Amino acid sequence: MLEQLETLHTGALSELEAVKDSGALHEWESKYLGGKGGVTLLLRGIGQLPKEQRADFGKRANEVRDLLTEAYIGREKLVHEHELARDLEEGQIDVTLPGRERSVGGLHPSTQTLRELYAIWADMGFQVYRSRDVEDDETNFSMLNIPPHHPARDMWDTFYTTTPGVILRTHTSPGQIRSMHELGGNGTQPIRVILPGMCYRYEHITTRSEMQFHQLEGVAIGRNIRMTDLKGTVTAFARRMFGANAAVRFRASYFPFTEPSMEIDVECFLCGGQGCKVCKYAGWLEIAGAGMMHPTVLRNGGYDPSQWSGFAFGMGPERMAMLKHGINDIRYFWGNDLRFLEQF
Ligand code: DAH
């Protein structure tokens with residue numbers, strides 16, 4: 001066994017000389033020094049020797065193990081140095097090569113416009129209130145003073161679901177009802193919110209109408225809110241959005257949920273009111289519908305209309321983006337054409 005040990009010793013050393021990489025080094029280690037390695041196995045067989053030889057053999061075997069370990073450590077250092085040098089050589093980076101450009105994503109033009117709107121309205125004390133996309137008929141229409149079968153329902157072509165009474169909201173106005181109930185404290189608290197969101201209409205899709213689009217609704221309720229507040233607030237908004245000199249015009253109109261109702265135009269900021277293609281030579285661009293909240297709507301939101309009043313408005317962010325950037329086809333917004341989207 002002693003002879004076996006010495007053979008193993010010299011064999012192991014000469015094998016180690018040939019080891020060139022970490023893989024082989026690892027194999028060598030388990031072959032000789034590991035738990036099932038040669039030295040360990042011989043040591044384990046020590047019981048087969050006559051008693052008087054055991055001490056000498058054990059001493060020598062431990063010596064051999066220490067010598068091999070030492071040799072292993074020396075070799076390991078060499079192999080690592082070698083490998084590092086090779087990696088540096090092979091992995092050299094040519095810093096003079098041109099870089100690969102990374103494409104960076106961007107915000108959708110509707111998102112950009114919405115954020116611009118949030119910032120302006122936030123400055124004027126309006127908080128964002130999020131209402132649902134899937135509405136019930138009652139809140140989308142009846143609570144807004146549009147009873148079933150009322151001809152005004154024709155103003156909104158509606159997507160119905162297979163569940164009776166459940167629809168996709170056709171405008172953000174039902175959020176008026178929900179925000180009054182949630183924030184109004186049973187008609188005891190003033191409210192100042194904007195309600196942005198996607199709206200859906202069963203429309204014939206053309207350059208000017210889509211079946212989905214954003215709206216941004218605004219609601220202000222207080223004890224003494226008047227038409228002059230609406231006009232002043234909207235004018236201040238238009239100047240922030242379209243330029244300090246933007247002129248604003250209010251035209252009488254009709255909505256079932258406001259009385260009086262109006263449509264709001266800004267002077268065309270492209271031609272300065274002279275008339276151009278974008279404003280269709282009118283000199284004015286429509287940006288919103290608005291009005292004083294109808295007493296019935298206030299009552300449906302829990303307010304006593306003899307004590308409280310409010311104004312509301314609804315504007316179309318895509319329309320505004322179209323006007324601002326001269327986009328002549330609303331279908332671009334949801335067409336997912338990167339050539340369009342990357343321009344913003
Ligand atoms: N909901 C209206 C629409 O979709 C827009 C609107 C008009 C909202 C007048 C209002 C408003 O809050 O007062 O056409």
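Start at 1 and go down the list; that is how both ligands and their atoms are numbered. Sequential numbering from 1 along the given sequence is applied to the chain's residues. This one's a predicted model, so the numbers in the text were calculated from it and none came from an experiment.
Salt-bridge formation is not detected for the pair E286/R319: no Lys NZ or Arg NE/NH1/NH2 atom is positioned less than 4.0 Å from an Asp or Glu carboxylate oxygen. A salt bridge links R153 with D137; the closest basic N to acidic carboxylate O contact falls under 4.0 Å. No salt bridge links R86 with E89; every basic N to acidic carboxylate O contact stays at or beyond 4.0 Å.
Tested against T113 for a side chain to side chain contact (heavy atoms under 4.5 Å, CB included), the candidates H108, M241, E318, H214 yield a single pass: M241.
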Between the protein and ligand 1, are there any N or O atom pairs that come within less than 3.5 Å of each other, and if so, what are their names and distances?
from, atom 1, to, atom 2, distance (Å)
ligand 1, 1 (N), H171, ND1, 2.9
ligand 1, 1 (N), S173, OG, 2.9
ligand 1, 4 (O), W156, NE1, 3.3
ligand 1, 4 (O), R201, NH2, 2.9
ligand 1, 4 (O), Q215, NE2, 2.9
ligand 1, 12 (O), Q176, NE2, 3.2
ligand 1, 12 (O), E217, OE2, 2.6
ligand 1, 12 (O), F313, N, 3.3
ligand 1, 12 (O), F313, O, 3.3
ligand 1, 13 (O), A312, O, 3.1

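For the residue pair D337 and Y332, no side-chain donor N or O sits within less than 3.5 Å of a side-chain acceptor on the partner.
Within the structure, the ring pair (Phe, Tyr, Trp, His ring centres under 6.0 Å) test picks out the following pairs touching residues 171-198 (sequence neighbours left out): W156-H171, H171-F257.
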